[in-house]
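Below is one structure, written out as structure tokens; the observations come after it.
In each ligand, atom 1 is the first atom listed, and ligand 1 is the first ligand listed. These values consider heavy atoms only, across backbone and side chains, with no hydrogens, waters or symmetry-generated copies.
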Amino acid sequence: MKNDFRQKLHLEPLKGWLNDPNGLSFFNGEYHVYFQYSPDSAEGKGRKCWGHWCSPDLLNWKFTGTVLLPDTPEDRSGVYSGCGFVKDDTLYLFYTGNVKEEGNHDYITSGRGANVILVTTGNGHDMSPKKVLLRNEDYPYYCSCHVRDPKVWEEDGKYHMVLGARTLDSKGCVLYYVSDDLLNWKYDRTVYGEDGSYMWECPDAFMLGGHSFLSISPQGIPHEKYCFQNVYSSGYYELESGKAENYREWDKGFDFYAPQSFDVPDGRKLFIGWEGIGDIPYNNPTVELGWQHCLTLPRELTVNDKGNICQVPVRELEKLRFDSLKINDGDIVSTELPFEFAGNCLGDFSIKIMDILELESAKGETSLRFISESVGGGRNVRYAKMQVCNDIRIIADTTSVEIYLNGGETVFSSRMYPKDTQIRLCFTGAEGTLYRLYGLNMC
Ligand code: FRU
């Protein structure tokens with residue numbers, strides 16, 4: 001069947017542009033996913049707002065519309081990224097109100113206001129009046145005007161906030177603030193890392209498996225063969241006695257940025273990223289159709305025995321499986337997008353979606369390669385260094401693929417644009433089960 005490029009498993013806007021996930025939360029018995037939304041343009045021009053989806057089960061989703069608009073002096077140039085924090089029966093949404101002053105400015109050292117703004121909601125979509133909590137003068141003197149993307153959590157009887165920032169001498173860092181009441185915030189400290197970046201966007205700080213982590217999306221890290229292959233990186237530091245150490249990337253694919261974690265009542269820490277990156281050097285063919293970009297599948301985070309964070313698709317998605325087929329080494333089979341493969345690697349291996357892409361692992365190097373220019377939108381290959389690969393899970397939607405290796409310790413997330421949803425798969429050095437997948441229910 002001809003591919004209409006509409007995703008079946010991934011959240012994407014019907015029209016307009018999507019970037020970062022925002023305000024992720026479980027509140028009033030439902031999952032809430034807000035996102036950076038430009039409803040007026042598939043290229044991200046015009047008003048920058050928050051759109052909103054909610055779901056009782058991560059399978060049935062409802063789009064409730066554009067719920068935060070840039071309609072006050074303090075956010076007139078954009079309702080930028082932020083988070084959700086649940087307290088009692090209220091959802092607190094903290095975000096950055098972006099302001100671009102008229103005049104001759106570089107918008108780095110002058111001309112930009114970055115306000116932390118709070119709104120509250122009792123149902124996820126009707127918002128209270130906006131309240132400005134922090135302005136440029138509340139940030140340390142050594143910061144540029146690039147300070148944004150609040151993430152709030154509770155710990156040790158206090159509320160904490162991190163903000164991503166760029167210093168005046170162009171170093172990426174995170175500013176920590178504390179509060180007793182969610183309204184009055186006091187500067188606490190700044191954390192830097194040794195990654196060579198000039199800006200850290202979208203920070204997130206959390207405890208997992210007894211370790212303290214700081215997730216960031218840094219800009220400006222020099223590219224290398226196995227790391228930092230994309231225009232901007234996204235990864236996490238471990239915080240040992242307050243110092244950021246041992247940066248690891250979240251994802252080795254072409255399209256991953258600005259993720260956010262959130263806790264749900266059954267104790268899981270869930271995680272969603274933007275399956276895209278800003279300032280990308282390729283054209284996404286859905287632009288002509290009137291929309292652009294999607295979020296990743298929701299994932300569960302855990303820490304493995306090496307202290308690395310693993311990501312796996314949430315177990316709810318297993319309910320979408322039907323038509324299972326046993327796969328043996330050497331099999332070539334036909335199927336239809338979307339599909340899932342879950343299996344084991346028998347040593348070096350290759351899995352091909354014929355004429356579309358090849359995932360190959362040999363001699364400690366794993367690569368994801370687009371076979372044709374048009375399918376990859378002009379992108380070619382991404383690498384990961386891995387001594388061994390034991391298990392593998394692939395979830396391919398109509399225009400994306402997510403690959404989880406070694407229990408999700410290494411992940412590749414990428415958009416792809418095959419013309420047809422009918423595909424052929426070729427397995428060498430791998431065995432497991434292939435499933436077809438029902439789509440999400442979206443309205
Ligand atoms: C990350 C980002 C954020 C900002 C938002 C604006 O992609 O640049 O830092 O808040 O997008 O849309």
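- Between Arg315 and Asp266 there is a salt bridge, with a side-chain nitrogen of the basic residue lying less than 4.0 Å from a carboxylate oxygen of the acidic one.
- We find that Asp420 and Lys2 are not joined by a salt bridge, their nearest charged nitrogen and carboxylate oxygen being 4.0 Å or further apart.
- Listed by number with element, the atoms of ligand 1 under 4.0 Å from a non-hydrogen atom of Tyr257 are 1 (C), 7 (O).
- Within the 4.0 Å heavy-atom criterion, the part of Asn19 lying near ligand 1 is the side chain and not the backbone.
- No more than 12 heavy-atom neighbours from other residues, nucleotides or ligands sit within 6.0 angstrom of NZ on Lys62.
- The distance criterion of under 3.5 Å between nitrogen or oxygen atoms is met by Ser81 with respect to ligand 1.
- Atoms of ligand 1 found under 4.0 Å from any heavy atom of Asp149 (numbered from 1 in listed order, with element): 3 (C), 4 (C), 9 (O), 10 (O).
- The distance from ligand 1 to the heavy atoms of Lys48 drops below 4.0 Å at these ligand atoms: 12 (O).
- Protein heavy atom nearest atom 8 (O) of ligand 1, with residue, atom name and distance: Glu201 OE2, 2.8 Å.
- Taking the six-membered ring wherever Trp is involved, the centroid distance between the rings of Tyr187 and Tyr139 does not fall below 6.0 Å.
- Every N/O-N/O distance between Tyr80 and ligand 1 stays at or above 3.5 Å.
- Note on ligand 1: Asp20 sits in its first shell, one or more heavy atoms being nearer than 4.0 Å.
- A cation-pi arrangement is absent between Arg299 and Phe271 under the rule of less than 6.0 angstrom and at most 45 degrees off the ring axis.
- Neither side chain, Asp204 nor Tyr236, offers a donor N or O lying under 3.5 Å from an acceptor on the other.
- Residue Gln36 has at least one heavy-atom neighbour below 4.0 Å for each of these atoms of ligand 1: 5 (C), 6 (C), 12 (O).
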Evaluate the side chain to side chain donor-acceptor pair (under 3.5 Å) criterion for residues Asp106 and Thr109: first the C-alpha distance (whole Å), next the side-chain angles of each, then the deciding distance (0.1 Å), finally the verdict. CA-CA 6 Å; Asp106 65 0; Thr109 59; 2.8 Å; yes
